[in-house]
Amino acid sequence: MKLVRTATAKWLAASLATVLLVTAWGGDQRAAAFTASNADAAMTSFVNVFYDASAKYFYTNSDHQIQAAHAYGPNGGLYTDFWWEAQMWETVMDAYQRTGSTTYRTMIDDIYTGFNAKYANMVDNQFNDDLGWWALACLRAYELTGTQDYLNRGSFLFDHVYASWDTTYYGGGIWWRADAKNPATNTSSQKNMATNAPMVMAAIKLKNAYNNSNYLTKAQQIYSWIQSKLINGSKVNDHMEGTGAGIVKDWDFTYNYGTYLGAATALYQATGTSSYLTDANNAANYVINKMTSATTLLYEGENDAPGFKMIFARNLNQLRVQANQTQYLTFLQQNATQAWNHRRTSDGIIGSDWTAPTGSSYVQSLAAAAGTSILQFVPADNYTGNIAGNGLYEAENARRTLVSAAGMINESSQTGFNGRGYVAGWNTNGTSLNFYVNQNAAGSKTITFRYSAAAGNAGRYVKVNGAVVTNNLTFTGTSNWSTWNTVSVTVALQAGSNTIELGYDTSKGNNNYLNLDQMYGL
């Protein structure tokens with residue numbers, strides 16, 4: 001995976017809120033039940049829009065055009081790139097595992113054939129995380145079908161990736177890239193969660209397939225390194241880089257938590273050791289408590305980022321099933337319902353943000369696969385209605401405009417905040433935070449913003465669904481940046497989806513710095 005391993009991409013994934021992608025909502029946005037037939041419909045729509053049966057491959061975009069935003073993959077980016085196609089393959093496996101359909105069983109073989117036609121030698125790819133996703137997918141395909149070729153390929157890919165295990169830097173770990181193993185000479189050198197945790201899962205699958213304890217030993221070796229270098233309490237960090245002892249980068253992605261809890265779950269299933277189960281639950285609860293918007297998995301950006309919550313949700317479901325952790329069922333079902341309720345009715349496709357209606361622009365296949373997959377692997381609850389969630393919206397998880405976005409940073413240096421931090425340094429004209437709020441019924445609600453304003457009184461406008469509620473809500477100054485206050489305003493909300501926009505516009509008298517912690521009361 002090439003796009004998320006830079007500081008710029010970190011910013012995009014953590015706080016991207018491109019207005020262009022959310023302004024063109026269309027279609028009937030009434031809520032519907034999450035039922036088995038909905039799961040069927042979602043999968044049918046996904047295949048109809050994205051799958052090219054003649055090429056046996058998935059298109060990158062719903063409009064079947066090459067878009068500059070993600071022009072990677074075969075035919076100049078017309079078809080999905082390496083790790084995306086592995087996720088498309090897993091989505092088909094999700095559908096096959098749920099339905100037992102011969103259509104999806106045939107597609108499993110066809111997609112493998114189509115991928116090999118596009119990538120004749122998989123190990124030409126120097127990115128070990130990409131190869132790891134194919135190792136995992138091949139081993140899952142073997143478990144589902146018994147086809148020996150899938151086991152052979154999965155075993156080969158695991159061995160190839162594991163050859164990048166190295167103790168020269170950071171005391172162990174598998175390098176992200178096979179061609180970048182020296183941080184003193186190559187700035188791309190790093191060891192990350194995205195490469196190492198999937199290899200733990202793959203090793204356990206190989207241990208089960210071959211009844212070979214050597215794979216368990218390797219899985220525990222990799223996991224022990226992860227635990228010692230990338231875990232800080234319940235915090236799952238992204239990667240290590242740099243010379244000497246190395247520097248830990250603490251970027252938050254649901255992807256990292258998902259792969260880590262998947263690795264812990266696999267080891268718990270293989271050994272029965274309770275500490276692995278504790279690790280998995282700690283990672284799961286961190287995301288549920290801190291990386292959601294009113295209990296719906298957050299929007300992390302476009303391109304690679306929409307696939308992150310698919311990987312988290314799929315592995316959380318494995319934790320639920322394999323370790324009998326039934327406490328996660330409601331969370332998973334509500335997220336599946338959110339995804340379904342916000343589909344685009346014109347073609348049934350689900351977009352990258354499960355809290356807001358899918359717009360009329362093209363949708364990327366990885367985003368659509370995420371929403372489709374959760375409907376496949378989570379049991380339907382037959383609930384009809386919207387998901388209002390717990391009414392709590394952390395500011396750092398809200399979407400925001402990109403007009404001088406550097407003026408709206410996520411920060412956690414001041415004490416007393418909730419969640420993972422707060423939005424800070426906010427004093428730039430033309431910027432706003434957008435909270436996507438779902439309600440079961442229309443009515444008035446009093447919403448409360450928790451904030452700090454040590455520079456003095458600050459003002460912001462409030463809009464609901466584009467209509468002005470107040471042009472200049474006053475956030476009274478606080479004595480310091482670690483002192484938090486609240487201000488409330490009453491708004492009228494419609495049943496279903498709503499947008500609450502808190503913005504900065506000097507023409508409305510808005511002024512001054514503001515740190516925003518959260519919005520609640522819905």
Side-chain angles (χ1 to χ4, degrees), residues 27-50 87-88 90-105 107-108 140 144 254 258 265 284 287-288 292-297 306-307 309-345 347-358 363 367-390 438-440 495-497:
D28 181 358
Q29 300 305 335
R30 291 173 297 174
F34 165 39
T35 66
S37 62
N38 299 150
D40 290 337
M43 189 64 194
T44 297
S45 295
F46 176 71
V47 172
N48 286 345
V49 170
F50 290 101
Q87 303 314 311
M88 307 299 115
E90 291 243 27
T91 297
V92 172
M93 290 185 226
D94 291 333
Y96 175 64
Q97 194 161 1
R98 181 181 67 85
T99 66
S101 165
T102 57
T103 297
Y104 299 132
R105 173 64 187 87
M107 284 184 69
I108 290 173
R140 183 184 181 192
L144 290 174
T254 56
T265 299
V287 171
I288 291 169
T292 58
S293 183
T295 70
T296 298
L297 288 165
K309 57 178 171 275
M310 169 171 55
I311 289 161
F312 173 81
R314 184 181 285 125
N315 284 309
L316 182 66
N317 191 58
Q318 288 300 304
L319 174 61
R320 177 186 72 85
V321 173
Q322 294 177 3
N324 195 32
Q325 300 298 288
T326 57
Q327 67 269 30
Y328 301 119
L329 179 59
T330 298
F331 174 82
L332 286 163
Q333 287 174 325
Q334 289 187 349
N335 272 267
T337 300
Q338 284 280 54
W340 172 253
N341 284 353
H342 292 105
R343 73 198 183 280
R344 184 166 62 196
T345 55
D347 57 8
I349 293 302
I350 298 166
S352 55
D353 189 341
W354 294 350
T355 67
T358 300
V363 176
T372 302
S373 273
I374 195 171
L375 287 158
Q376 307 308 308
F377 56 68
V378 174
D381 60 0
N382 298 313
Y383 168 75
T384 303
N386 299 291
I387 302 294
N390 62 3
N438 293 277
Q439 295 289 283
N440 289 308
S497 297

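FYI, the numbering just counts along the sequence from 1. Values reported hereafter were calculated over all heavy atoms of this structure, with side chains retained and with hydrogens, waters and symmetry mates removed.
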>> If I compare all heavy atoms of A388 with all of N440, which pair ends up nearest, and what's the gap?
In response: CB-ND2, 3.8 Å
>> Can you tell me how far apart OG1 (T292) and CG (L297) are? Round to the nearest 0.5 Å.
In response: 7.0 Å
>> Under a 3.5 Å distance rule, please check whether D381 uses its side chain to pair with a backbone N or O of Q333 as donor and acceptor.
In response: no
>> Between S497 and N438, is the side chain to side chain donor-acceptor pair (under 3.5 Å) condition met? List the steps.
In response: CA-CA 5 Å; S497 297; N438 293 277; 3.1 Å; yes
> Quick one: OG1 on T35 to CG on L375, what's the gap to the nearest 0.5 Å?
Replying inline: 9.0 Å
>> Is it the case that the side chain of K309 and the backbone of S352 share a donor-acceptor pair, with hydrogens and angles ignored and the cut-off at 3.5 Å?
In response: yes
>> To the closest 0.5 Å, what do you measure between OG (S293) and CH2 (W354)?
In response: 13.5 Å
> Would V47 and M43 satisfy side-chain contact (heavy atoms from CB on, under 4.5 Å), going step by step from the backbone distance to the final call?
Replying inline: CA-CA 6 Å; V47 172; M43 189 64 194; 3.8 Å; yes
>> Which heavy atom of M88 sits nearest to which heavy atom of A369, and what is that distance?
In response: CE-CB, 3.8 Å
> Is there a donor-acceptor pair under 3.5 Å between the side chain of N341 and the backbone N or O of I387?
Replying inline: no
> Just checking, is any N or O donor in the side chain of T372 or T91 under 3.5 Å from an acceptor N or O on the other one?
Replying inline: no
> Are I350 and F46 side-chain neighbours, meaning at least one heavy-atom pair lies under 4.5 Å?
Replying inline: no
> Quick one: do the R98 and Q376 side chains pair a donor with an acceptor below 3.5 Å?
Replying inline: yes
> Strictly by modelled atom types, are R314 and N317 linked by a side-chain donor-acceptor pair under 3.5 Å?
Replying inline: no
>> For the OG1 atom of T99 and the CZ atom of R105, what is their distance to the nearest 0.5 Å?
In response: 12.5 Å
> Y383 and Q334: side-chain contact (heavy atoms from CB on, under 4.5 Å), yes or no, with the steps?
Replying inline: CA-CA 9 Å; Y383 168 75; Q334 289 187 349; over 6 Å; no
> Looking only at heavy atoms, what is the nearest atom pair of G258 and N315, with distance?
Replying inline: O-ND2, 3.1 Å
>> Please give me the minimum heavy-atom distance between F34 and P379, naming the atom from each residue.
In response: CE2-O, 3.6 Å
> Does some side-chain heavy atom of L329 sit less than 4.5 Å from a side-chain heavy atom of R320?
Replying inline: yes
> In Å and rounded to the nearest 0.5 Å, what is the NE2 to CZ distance from H342 to R344?
Replying inline: 14.5 Å
> So, T265 versus Q318: side-chain donor-acceptor pair below 3.5 Å or not?
Replying inline: no
> What distance separates T103 OG1 from I108 CD1, expressed to the nearest 0.5 Å?
Replying inline: 11.5 Å
> Does a side-chain heavy-atom distance below 4.5 Å link F377 with V321?
Replying inline: no
>> Any donor-acceptor pair under 3.5 Å linking the side-chain atoms of T358 with those of R343?
In response: no
>> R140: which residues meet the salt bridge (Lys or Arg N to Asp or Glu O under 4.0 Å) condition with it, sequence neighbours left out?
In response: E90, D94
>> Minimum heavy-atom separation for A370 and P306, please, with both atom names.
In response: CB-O, 3.6 Å
> Minimum heavy-atom separation for F331 to T295, with atom names?
Replying inline: CE1-O, 3.1 Å
